[in-house]
Amino acid sequence: MGNVRFDAIRRAMEHRAIAVASPEGRVKDYFARDVFTREKMKEYISGDVLLQLFDDVDNGRTIRRDIADSVAIGIRKWAMERGATHFTHWFQPLTGGTAEKHDAFFTLDKNGMPVEALSGDSLYQQEPDASSFPSGGIRNTFEARGYSAWDPSSPVFLIGDTLCIPTVFVAYTGEALDYKTPLLRSTASLCHAAREVCQYFDKQVKHVHANLGWEQEYFLVDESLYSARPDLVMTGRTLMGHNSAKSQQLEDHYFGAIPERVLAFMRELEYEALMAGIPVRTRHNEVAPNQFEMAPIYEDVNLANDHNLLVMSIMERVAEKHHFRVLLHEKPYAGVNGSGKHCNWSLQTNTGINLLAPGKNPYQNLQFVTFLVNVLMAVHRHNGLLKASIVSATNEHRLGANEAPPAIISVFLGKQISEVLDKLEHASADEAIIINAKKEMKLGVANIPEILLDNTDRNRTSPFAFTGNRFEFRAVGSSANCGAAMLTLNAAVAEQLMLFKEEVDKRVEQGEAKERVLFDVIKRYIVACKAIRFDGNGYSDEWKEEAKKRGLDCEQSTPLIIDRYLSDSSVDMFGKTNVLSRGELESRCEVKWETYVKKLQIESRVMGDLVVNHVLPAAKRYQTMLLQNVLAVKQVFSADETESLNEMDYSIIRQIEKHSRAILDGVERMTDARHKANRQPDERSKAIAYHDHVLPLMAEIRDHADAVEMIVDDELWTLPKYRELMFVH
Ligand code: ADP
Ligand code: MG
């Protein structure tokens, strides 16, 4: 009888030998070839329409309906010249990933003649049959309609023969059913609040926008090995598997050269990404075996997020061509590093100033400190909520493990910036703000050094780190839509800047000098948000104790962390910034709990199947072999001799028996726990029940299954092992 696992390994080895040619050409010749860029628009859309379009987009206004037709004609012409036959509204449902429904340009005219068209209306708005997307109760049956509507701030692009139109996805009532809608609202709110605060320092600032540079981590696994692991196929992670004797301890993968076959995959991935206008720049191995990372140059947060989602789907497609599967799950393998998606975030003005970088003169420096400290305040006040923005059933396995961001949000600032803040905290206004006879301002203490961008004291254990000219939110999961984290951060900072401005304005109106008030409020903030600053080891147990004392959110259970969306401070903040209403927040929580439950339900079922169909049969077979051996030995050897001869066999037979019983018993209890959880009255209680009662049993069963894997004859084991999944490439 053939062993599925050995067949898979053999095929994986064959895949290594298949060379795939790398794409050729120079980046500047094919960058954004598949994107309807502004340059191309000039060719396909008439001047006055274009002016109107750009003006609306640049000022964040809704596009006038009457220009939609002209724009649509230009778009279709360009797309069809590039071979497109279909178009789709491309949106970001709350399930994660992206969704699309393709329609042909082809249609019949009044006389029944075939024509190819894209009307302004179909560019502008569609009603995808979206009743299967989760809405958390927002769309009840009588108004079950969801609309996708064009987001002209992100350009349309081609994938194969399909024109993709980035869209928001909203309910009949206008409530958001996606990530893009609130992300756009949050950037509008943040830009406004930041611009207002910038006026204290520079009247030239008309516009501020948020940047995002994501770093996408992922694993690759050979497709035949992947196919032989039902858990990978069904859940995206291994539900069992004994640790490989060699794992990541040597860190030789991180520093090593990229394997040839992987390199071929990366080249093609980058080529495809660049054609789609995604400015990818960095590729390297990551810490764990077969783990890699790609990162583009940062862009406006909305566009960057679209690009990240697009890259995730391009990755999957290109991987298949190279007989790989890409694992975007946060924790495909226990015991080795998981995958995250660091979100590098900064604020930039239309005058070209990065508000999170130390400036060249005292005003810019005070402005920098103002924004830095306001971000700290926002993160401090909403640390529990920010954690809620990154949790999921999949990221849960990554957080808090000793090789990932801890499940407590704190901010790492580094020595230089910490010193600056400490000095400001202890300075008097007279020391800090010196206004000379010419009415020029000097900063007495905050003489901020140019921070070396590659400053070496980066702390990898921090979930939220300042890295010289930006903040890096590292707790975001590799499979997540960064939008969830970014919109929360944007909104929290927007609210904070609004509060700051209110306070400063009030005192200035009462006659105090602006510079002094700014300094005074900042100084008070530095003290108020001290608890969020932590430069130490985020993995240590002492930190957990310390964080509790500081009043930071230390909750570890995903379903309970989700509650933070509905706390008074969150509802207030999202309301004040017009990002999400209470109803929208409630529906989001419903979806989050529901998704959590579904994921765990599937995992738990797959686990049950795996142990019953793979682990136990292999165990039984091996046990039978040993038992037969014992009997045979007894026939040949004398009683005295057999006792010592069979000692090892007996011990293994007993171990197998013990683990098999424990597995069977565990599966029974797990099934019970699942049934009980399913009977809970609402999604939140179900999620809590899954977290508290099903998850621990899965861990228990896994321990026994892994122990069985250790003892069973390698020949009988049918599931590809960790050492094969991670080291064959
Ligand atoms: P690391 O050393 O953390 O791996 P890189 O220097 O490769 O980081 O940059 C990671 C990401 O940060 C890239 O996407 C990069 O474009 C982005 N980045 C750099 N500067 C900024 C900034 N000012 N704002 C936002 N993102 C930035
Ligand atoms: Mg980084």
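Both counts, for ligands and for their atoms, begin at 1 and track the order of listing. One-based numbering along the sequence shown.
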Self-check item: Best match, R474, H284, R470, M294: closest heavy atom to atom 9 (O) of ligand 1
Solution: R470
Self-check item: N211, any N or O under 3.5 Å of ligand 1 N or O
Solution: no
Quiz item: Can you tell me how far the CG atom of D300 sits from the CG atom of N305, to the nearest 0.5 Å?
Solution: 10.0 Å
Self-check item: Closest to atom 15 (C) of ligand 1 (judged by heavy-atom distance), picking from A465, P296, A357, G468
Solution: P296
Exercise. Would you check if the distance from the ring center of F219 to the ring center of Y333 is below 6.0 Å?
Key: yes
Quiz item: Under the 6.0 Å and 45° cation-pi test, does R261 pair with F324?
Solution: yes
Quiz prompt | Test item: L220 and V262 side chains (from C-beta on) under 4.5 Å apart, heavy atoms | solution = yes
Quiz item: Which of the numbered atoms in ligand 1 are below 4.0 angstrom from a heavy atom of I297?
Solution: 16 (O)
Practice problem: Report yes or no: is the cationic atom of R38 (NZ for Lys, CZ for Arg) under 6.0 Å from the centre of the six-membered ring of F54, at an angle within 45° of the ring normal? | Solution: yes
Quiz item: So is there a nitrogen or oxygen of E293 less than 3.5 Å from a nitrogen or oxygen in ligand 1?
Solution: no
Self-check item: Atoms of ligand 1 close to G213 [distance to a heavy atom under 4.0 angstrom, numbered from 1]
Solution: 14 (O), 26 (N)
Exercise. Please assess F471 against F464 for the test ring pair (Phe, Tyr, Trp, His ring centres under 6.0 Å), listing each intermediate value before the final yes or no.
Key: CA-CA 7 Å; F471 280 97; F464 200 98; 5.4 Å; yes
Self-check item: Check: Q291/N337 side-chain N/O donor and acceptor closer than 3.5 Å
Solution: no
Quiz prompt | Atoms of ligand 1, numbered as shown, that sit under 4.0 Å from any heavy atom of E215 | solution = 1 (P), 3 (O), 4 (O), 10 (C)
Exercise. Give the atoms of ligand 1, by number and element, whose distance to some non-hydrogen atom of N354 is under 4.0 Å.
Key: 23 (N)
Quiz item: Between Y298 and ligand 1, is there a nitrogen or oxygen pair with a distance under 3.5 Å?
Solution: yes
